S.K.: 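One structure, as structure tokens, below. Some questions next.
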Amino acid sequence: MKPALNVHAALSGKRVLITGSTGFLAKVVLEKLIRSVPDIGRIYLLIRAGANGSDARQRFERDIATSSIFDRLRAEHPAFLAGFFAERIECVTGEVTAPSFGLPLAEFHALAQRVDLVINAAASVNFREALDEALSINALSVEHIAELTRANNAPLVQVSTCYVNGYNQGDMREQNVTPARAAIPRHGDGYYDLYALQKHLEHRIAQVRASTSVPEELERRLTELGIAEANYHGWNDTYTFTKWMGEQLAMRAMRGRSLTIVRPSIIESTLQEPVPGWIEGVKVADAIILAYARGKTSFFPAKADEIVDIVPADIVANSVLLGAAEAMLEAPATRIYQSCTGSSKPITVGGVINLIQGESQRNWQQYERLFYRQPKHDFRVVSRPVFLVLLRAMRLAATGWSGVRRLLGAGESPKLEALRTTQLLALTFSFYTAPRYTFHNSSLMALARRFVSEDRARFNVDTSRIDWQEYLCRIHMAGLNRYALRPRAPKSAEAQAAAAAVPEAAQTAQHAVEQAAPATPL
């Protein structure tokens, strides 16, 4: 029998490079790494320069070091945290989408020689990103990261998403994903050969760029192109399509070396660490909760009896770190782990709605940043055909009433704004609330069992122990209210107060609707 694996033994004294550290998940990974492996050698953070000319260190001090994710460490070990930030965090100003990160070659190679492990959490999480941007960030950048890892034979942990499974159906296991629609050749080493696909996408992007020089029109058409290509090849949106491509490029670049792909499902607030309910911004499910709380929507296209896969952020971070430790201790291989709940602790779309709606109607006053008044309507899920019929009928009625209001000088009907919000959310997120598959995490659970008992407790990845009522109704709602939303501006208009929120996913949805073609089907 092999000896048990140990996270501390794997990572103590090691030098780790993390990308995407200004993002939500990477902050959770960084905090856990500092707190659980305090004698780690060094952490390099690759951060792009700010639009105002700020370098990586300045962005770290402004956007990361001040984050509430570190409040526990600041309270328990303030001197240690300050010393760690000053002495063992090294910020590298670079662009992950550029060859050699945009660094001089000598500097890039010197960095590579100092790195023992790379965790790539950089991504564009805009589901409907312009194709050129999504391709560059989510796929092609992996080749630049792999170049750095190969220089010092460092393992790569690639953070992906369970939704690379695209339009496939059924049980989705921890293995490479076959495209659901278009045929893409598979290499003998197991990954899919993207050479022809890349050339095709580059050609289509060049055609669009040659046809217009108007920035807004260009972005809209590149967004349309991304959705069309994703749908054709077997994915719902540009994000999941390009993340799948990133996996294939990682497998090609790292063949014969150590590659660990960690696929989370829908990441939401932390379950336990560093505090229950920590979240940054508003995520997929929260955009719908926020719209319901503000009276902007009351129905949504979904399948109430189907499983929706939500996973707390700290469980994902623990999955990343267990995978990283294994990669440091074991022989090189390609390994895939899914951090999810669908097979171990399933909850349906209807179950989530019932829990959230019940908590909202009972205890809405406890969530003063989320609710401005008591919710008076139920939230319903309907089939897509029914949704479209309801939407058309309500739009006709609201449009007519808005016309009357304008004639009377009263402005546009709030119901019309609510319909736009409903359409906006459905356009962006309805795929994730009408799932057709179940994600499995048996390989991740088998990995956890190989670690010492202390690590199994400290780096919990067992989603079967989640109490959904406790998590959704108390931990997540409280975290969403406390961390994701700013305090309500006193005596301000509702629109101004709503704008004070920080709805990352809602902003993504708004961007998606603005960029989508008028005839885009729901």
Side-chain angles (χ1 to χ4, degrees), residues 127 161-163 172 236 264-271 276-279 281-316 338-364 366-367 370-371 375 377-384 386-387 421-422 425-426 428-439 441 463-481 483-485 503-506 509:
F127 294 162
T161 171
C162 284
Y163 293 94
M172 299 293 105
N236 176 69
S265 55
I266 299 171
I267 307 175
E268 289 292 352
S269 62
T270 56
L271 178 65
W278 189 83
I279 192 170
V282 176
K283 310 305 172 191
V284 174
D286 308 322
I288 301 170
I289 294 173
L290 186 62
Y292 166 71
R294 303 293 164 79
K296 300 297 184 184
T297 190
S298 60
F299 66 104
F300 194 81
K303 297 180 179 179
D305 58 346
E306 294 287 351
I307 295 169
V308 60
D309 206 301
I310 296 169
V311 62
D314 49 340
I315 287 181
V316 180
Q338 292 183 161
S339 185
C340 53
T341 56
S343 62
S344 58
K345 190 70 172 184
I347 186 168
T348 63
V349 172
V352 171
I353 290 171
N354 289 339
L355 288 174
I356 294 291
Q357 183 169 265
E359 175 68 10
S360 301
Q361 294 178 344
R362 286 190 304 270
N363 300 313
W364 66 275
Q366 295 182 19
Y367 310 110
L370 183 59
F371 291 94
H377 59 276
D378 290 335
F379 186 84
R380 296 174 296 151
V381 293
V382 297
S383 68
R384 188 173 296 270
V386 170
F387 174 79
T421 300
T422 299
L425 292 169
T428 309
F429 302 125
S430 60
F431 173 77
Y432 300 90
T433 56
R436 294 165 297 176
Y437 35 51
T438 301
F439 301 130
N441 66 346
T463 53
S464 69
R465 293 185 286 176
I466 295 174
D467 179 330
W468 283 118
Q469 183 167 8
E470 174 70 15
Y471 174 67
L472 290 173
C473 295
R474 295 170 183 85
I475 294 173
H476 182 63
M477 289 281 284
L480 183 62
N481 184 73
Y483 296 107
L485 304 176
E504 173 184 305

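Predicted model only: the values in this text are computed from it and were never measured. Residues: numbered from 1 along the sequence shown.
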S.K.: Rounded to the nearest 0.5 Å, what's the gap from CG on D286 to NE2 on H476? Could you check?
M.R.: 3.5 Å
S.K.: First locate atom CG of N481, then atom CH2 of W364, and finally report the distance between them rounded to the nearest 0.5 Å.
M.R.: 12.5 Å
S.K.: Can you tell me how far apart OG1 (T161) and CD (Q338) are? Round to the nearest 0.5 Å.
M.R.: 9.0 Å
S.K.: Please report the closest heavy-atom contact between Y367 and C473, naming both atoms and the distance.
M.R.: OH-O, 3.1 Å
S.K.: Kindly give the heavy-atom pair with the smallest separation between S344 and C340, and that separation in Å.
M.R.: OG-O, 3.8 Å
S.K.: Below 4.5 Å, heavy atoms only, C-beta onward: do E359 and L472 meet side chain to side chain?
M.R.: no
S.K.: Measure the CD1-CE distance between I289 and M477 for me, rounded to the nearest 0.5 Å.
M.R.: 6.5 Å
S.K.: Which atoms form the tightest heavy-atom contact between Y483 and G277, and what is the distance?
M.R.: CD1-O, 3.5 Å
S.K.: Within the structure provided, determine whether V311 and I466 are in side-chain contact (heavy-atom separation under 4.5 Å).
M.R.: no
S.K.: Of the options V352, I347, I353, which is the one that meets V349 in a side-chain contact (heavy atoms from CB on, under 4.5 Å)?
M.R.: I353
S.K.: Distance check, rounded to the nearest 0.5 Å: D467 atom CG versus L271 atom CG?
M.R.: 9.5 Å
S.K.: To the nearest 0.5 Å, what is the distance between CD1 on I267 and CG on D314?
M.R.: 11.0 Å
S.K.: Going by heavy atoms in the side chains, are T341 and W468 under 4.5 Å from each other?
M.R.: yes
S.K.: Does the plane of the ring in F439 sit parallel, tilted or perpendicular to the ring in Y163? Use 30° and 60° as the thresholds.
M.R.: perpendicular
S.K.: Are side-chain N/O atoms of E268 and Y471 paired as donor and acceptor at under 3.5 Å?
M.R.: no
S.K.: Determine the minimum heavy-atom distance between T348 and D305, stating which atoms define it.
M.R.: CG2-O, 3.7 Å
S.K.: Check D309 against S265 and note the closest heavy-atom contact, atom names and distance.
M.R.: OD1-OG, 2.6 Å
S.K.: Which residues satisfy the side chain to side chain contact (heavy atoms under 4.5 Å, CB included) test with S343, sequence neighbours excluded?
M.R.: T438, H440, N441
S.K.: Please give me the minimum heavy-atom distance between A484 and G281, naming the atom from each residue.
M.R.: CB-O, 3.4 Å
